[in-house]
Amino acid sequence: THRILMLVGDDMGDFLAAARESPEDRVKAAEQYAGYWGERWVLLPNPAYGSWEAALYGRQFSLKDEEILQRKWESLRGFK
C-alpha cells in the first residue's frame, strides 16, 4: 500500500549488503548503482563510525588496537 520514493541513510550498509566487504569491493558495488545516488538514494555520511571503518582493517576484530589504528592510517590518502 506504500511506495518508497527515496532512501536516506548514514552508512552504505543502509543501501547495499556489500558494505561489509573490502574498500575496493565497496567502490565496485556503489558504482553498480551510480544512477541511484543522489536520485533515489541519499547518503549523509557519519565520519565517526560505520561499516566503512571495519572494512579498512578487513573486519579482523581480533587485531590489537594499535594494529587497527595502523591499518586505518595506511588507508588514508590525500587529494591530488
Side-chain angles (χ1 to χ4, degrees):
T1 63
H2 295 79
R3 183 175 188 155
I4 298 172
L5 301 177
M6 182 179 289
L7 292 177
V8 179
D10 71 343
D11 185 83
M12 190 172 157
D14 295 333
F15 307 95
L16 299 169
R20 296 187 177 273
E21 305 300 328
S22 71
E24 295 80 17
D25 290 337
R26 292 166 60 92
V27 169
K28 289 178 188 174
E31 288 173 345
Q32 290 178 355
Y33 294 93
Y36 284 35
W37 300 109
E39 289 284 326
R40 299 177 186 181
W41 296 350
V42 176
L43 180 65
L44 303 172
N46 183 338
Y49 69 92
S51 61
W52 61 269
E53 184 180 12
L56 298 178
Y57 53 91
R59 303 186 57 75
Q60 296 178 32
F61 299 108
S62 62
L63 294 174
K64 293 182 179 182
D65 290 342
E66 296 81 16
E67 179 67 20
I68 289 173
L69 183 60
Q70 180 63 36
R71 290 188 185 197
K72 288 180 182 180
W73 275 111
E74 291 169 357
S75 297
L76 291 175
R77 59 187 164 129
F79 292 100
K80 294 182 180 187

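Reckoned from all heavy atoms, side chains included, excluding hydrogens, waters and symmetry mates.
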If we only count heavy atoms from C-beta on, is the Trp41 to Leu16 side-chain gap below 4.5 Å?
yes
Do you know the tightest heavy-atom contact between Trp37 and Ala30?
NE1-O, 3.0 Å
Under 4.5 Å between side-chain heavy atoms, counting indirect links through other Ile/Leu/Val/Met/Phe/Trp/Tyr residues: same cluster for Leu43 and Tyr33 or not?
yes
Sequence neighbours excluded, the answer for side chain to side chain donor-acceptor pair (under 3.5 Å) partners of Lys28 is none
Is it true that, when you exclude Arg59 itself, more than 12 heavy atoms of the residues, nucleotides or ligands shown sit nearer than 6.0 Å to its CZ?
yes
Can you tell me if Tyr57 has over 12 outside heavy atoms packed within less than 6.0 Å of its OH?
yes
Looking at side-chain heavy atoms only, is the closest gap between Glu67 and Gln60 below 4.5 Å?
no
For residues Val42 and Leu7: do they belong to one hydrophobic cluster (side chain heavy atoms under 4.5 Å, members Ile, Leu, Val, Met, Phe, Trp, Tyr)?
no
Determine whether Arg71 and Leu56 satisfy the following criterion, side-chain contact (heavy atoms from CB on, under 4.5 Å), listing intermediate values before the conclusion.
CA-CA 7 Å; Arg71 290 188 185 197; Leu56 298 178; 5.9 Å; no
Please report the closest heavy-atom contact between Met6 and Glu39, naming both atoms and the distance.
CE-O, 3.5 Å
Going through the distances and angles, do Gln70 and Glu74 end up as a side chain to side chain donor-acceptor pair (under 3.5 Å)?
CA-CA 6 Å; Gln70 180 63 36; Glu74 291 169 357; 3.0 Å; yes
Mind checking who shares a hydrophobic cluster with Leu5, ILVMFWY linked at side-chain heavy-atom distances under 4.5 Å?
none
Considering non-hydrogen atoms only, spot the tightest contact between Ala55 and Pro23 and give its length.
O-CD, 3.4 Å
